Participant: 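Quick one: this structure, given as structure tokens, is what I'll be asking you about.
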Amino acid sequence: CPSDLLQHFASTFDLNLLAVPSYTRKMSKFNACDFLAEWLYNKNKRRADRKFTAFSDIPFVKNWLKDHPRPPIPLSLLLSEDEAALIIQSFWRGYRVRCDAEIQELRQWQRELREENRGYTRKIMKFWADQESKVGQTMEEELVEEMPPSPAEEPIRDLTQYEILLKIRKDCM
């Protein structure tokens with residue numbers, strides 16, 4: 001048991017356990033090995049004249065963690081009990097709302113609407129492919145004719161983006 005191990009080391013090294021946080025949960029984010037490594041590093045007689053060094057700032061720990069990164073801490077250890085209860089309650093309320101008959105009907109309508117609109121991308125791609133093929137044909141035909149346009153003719157006006165969108169909408173319907 002981790003608490004028994006901590007008690008054993010506390011009695012062996014004359015640790016003040018009041019500095020160690022106590023938890024009633026089964027799991028905690030307290031890591032006894034990290035605590036002991038930090039405590040032993042800072043209580044080393046060769047380092048007596050130096051300041052306290054946090055665990056993550058110890059040189060050999062930095063090197064080790066660079067080569068062997070730790071997995072992320074589970075959310076259950078990061079959240080307080082109140083935060084966890086709030087998340088669980090919000091999910092439960094959302095589930096209860098989604099079970100409502102009116103909401104089910106709305107979601108079914110949205111699903112059907114998505115199914116109806118599913119082919120529009122394909123239709124738009126087909127429209128643009130047709131337009132590109134038409135442009136290619138007219139350009140080839142003009143090259144064959146090679147007749148210079150007369151100065152009296154008006155130049156062909158480019159379509160605006162709005163006119164292009166209206167044309168796409170009309171062709172897709």
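Because the structure is a prediction, the values reported are computed rather than measured. This chain uses plain numbering: 1 for the first residue, then up along the sequence.
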Participant: Asp34 vs Arg70, test: salt bridge (Lys or Arg N to Asp or Glu O under 4.0 Å). Steps then yes/no.
Facilitator: CA-CA 12 Å; Asp34 291 354; Arg70 291 185 172 178; 2.7 Å; yes

Participant: Nearest 0.5 Å, what's the NZ-CG distance between Lys51 and Asn42?
Facilitator: 11.5 Å

Participant: Pairing donors with acceptors under 3.5 angstrom, does anything connect the side chains of Arg111 and Gln108?
Facilitator: yes

Participant: Is there side-chain contact between Trp64 and Val61, with heavy atoms separated by less than 4.5 Å?
Facilitator: no

Participant: If you take all heavy atoms of Arg98 and Gln104, which pair is closest and at what distance?
Facilitator: O-NE2, 2.5 Å

Participant: Crowded around Ile73 CD1? As in, over 12 foreign heavy atoms under 6.0 Å?
Facilitator: no

Participant: Return yes when atom CZ of Phe91 has more than 12 non-hydrogen atoms of other residues, nucleotides or ligands closer than 6.0 Å, and no otherwise.
Facilitator: no

Participant: What's the spacing between Trp109 CH2 and Leu106 CG if we round to 0.5 Å?
Facilitator: 7.0 Å

Participant: Would one find more than 12 heavy atoms of other residues, nucleotides or ligands at under 6.0 Å from atom CD of Gln110?
Facilitator: yes

Participant: What is the distance from atom CD of Glu115 to atom CD of Glu112, rounded to the nearest 0.5 Å?
Facilitator: 9.0 Å

Participant: Nearest 0.5 Å please: distance from the CG atom of Leu36 over to the CG atom of Asn31.
Facilitator: 9.0 Å

Participant: Working to the nearest 0.5 angstrom, can you tell me the gap between Asp100 CG and Tyr95 OH?
Facilitator: 12.5 Å

Participant: Give, for atom CG of Leu65 and atom CZ of Phe55, the distance between the pair rounded to the nearest 0.5 Å.
Facilitator: 6.0 Å

